[in-house]
Amino acid sequence: GQNIDQPTEMTATEGAIVQINCTYQTSGFNGLFWYQQHAGEAPTFLSYNVLDGLEEKGRFSSFLSRSKGYSYLLLKELQMKDSASYLCLLVDSNYQLIWGAGTKLIIKP
Amino acid sequence: IAGITQAPTSQILAAGRRMTLRCTQDMRHNAMYWYRQDLGLGLRLIHYSNTAGTTGKGEVPDGYSVSRANTDDFPLTLASAVPSQTSVYFCASSRRDGPPDTQYFGPGTRLTVL
């Protein structure tokens, strides 16, 4: 079968660094997305990885290891506005979309 | 219109009533999607359309129907609403030119079925 796991909730301090993990099991792979969703709002695109390695985009970076079925989102220099849920989305070999339940990130001053 | 819009923003509906949630995009995207989001369960795909004139079933299609008469519009209909359909509904679109593509989401419709 296919499944995807993320921690339910994480807490971090303003100005710090946090890593949100996403592990998955799938028979085929066509990419992994990260989305951000603020409370009461729609998800918005953050990053896309299809090859192994680190993709950096400003304060946010995303890493992928296809052999380990593992991705993480790294947020640096945390700001209060980063308080949100972070959703991991796996695209399998049949282009089926498999969403994680999301990680709620709480930033404390 | 800029991007993707949904209507209504919120709705309270009596059980058994018929309801259509509207979704319109002006980005000329080929693919469109309907999701429901419930606390602790994440996004679940209800129906999708890869191009105008075609639709497909997602993970939780029962009790819902869709149509895709043109590129821009993708309405979702609840034929006879039940309380378990209380949820936040998101419409999304993507270019779907081949490789997996970024999805752009509408603002959502909050539906309560009593």
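Hydrogens, waters and symmetry mates are skipped; everything else that's a heavy atom, side chains included, is used. Residue numbering restarts at 1 for every chain, and letters A, B, ... go by the order of the sequence lines.
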- Sorted by number, residues from residues 65-73 of chain A in contact with chain B (heavy atoms, under 4.5 Å): none

- So what's closer than 4.5 Å to chain B heavy atoms on A:Ile98: side chain, backbone, both or neither? neither

- More than 12 heavy atoms of other groups within 6.0 Å of A:Phe63 CZ: yes

- For B:Tyr35, is it the side chain, the backbone, both or neither that has a heavy atom under 4.5 Å from a heavy atom of chain A? side chain

- Task: Examine distances only and state if a side-chain atom of B:Arg44 and a backbone atom of A:Trp99 form a donor-acceptor pair shorter than 3.5 Å.
- Result: no

- In one Ile/Leu/Val/Met/Phe/Trp/Tyr side-chain cluster, 4.5 Å: B:Leu114, B:Leu111: no

- Please answer: with hydrophobic residues joined when any side-chain heavy atoms are less than 4.5 Å apart, are B:Val88 and B:Leu45 in the same cluster? yes

- Query: Do A:Met80 and A:Leu46 belong together in a cluster built from hydrophobic side chains that touch within less than 4.5 Å?
  - Reply: yes

- Item | Most chain B-contacting option - heavy-atom pairs closer than 4.5 Å, from A:Ser85, A:Gly100, A:Gly31, A:Ala101 | A:Ala101

- Item | A:Arg59 atom CZ, neighbour heavy-atom count above 12 within 6.0 Å | yes

- Message: For the OG1 atom of B:Thr102 and the OH atom of A:Tyr35, what is their distance to the nearest 0.5 Å?
- Response: 5.0 Å

- Query: Hey, quick one: are A:Phe60 and A:Leu74 part of the same hydrophobic cluster, counting side-chain heavy atoms closer than 4.5 Å, chains of contacts allowed?
  - Reply: no

- chain B neighbours within residues 10-21 of chain A, where any heavy atom lies under 4.5 Å away: none

- Message: So, taking the atom named NZ in A:Lys104 and the one named CG in B:Leu39, what distance separates them when rounded to the nearest 0.5 Å?
- Response: 8.5 Å

- Atom CD1 of B:Ile12: over 12 foreign heavy atoms under 6.0 Å: no

- Note on the structure: When rounded to the nearest 0.5 Å, the distance separating CD of A:Glu41 from CZ of B:Phe90 is 9.0 Å

- Message: If I measure from the heavy atoms of chain A, does B:Gln103 come under 4.5 Å with its side chain, its backbone, both, or neither?
- Response: both

- Query: Is it the backbone or the side chain of A:Gln96 that comes under 4.5 Å from a heavy atom of chain B, or both, or neither?
  - Reply: neither

- Message: Please give me the minimum heavy-atom distance between B:Phe105 and A:Ala42, naming the atom from each residue.
- Response: CB-CB, 3.7 Å

- Item | Interatomic distance, A:Phe33 atom CZ to B:Asp101 atom CG [nearest 0.5 angstrom] | 6.5 Å

- Query: Could you state the interatomic distance from OH (B:Tyr33) to CG (A:Leu97), rounded to the nearest 0.5 Å?
  - Reply: 5.5 Å

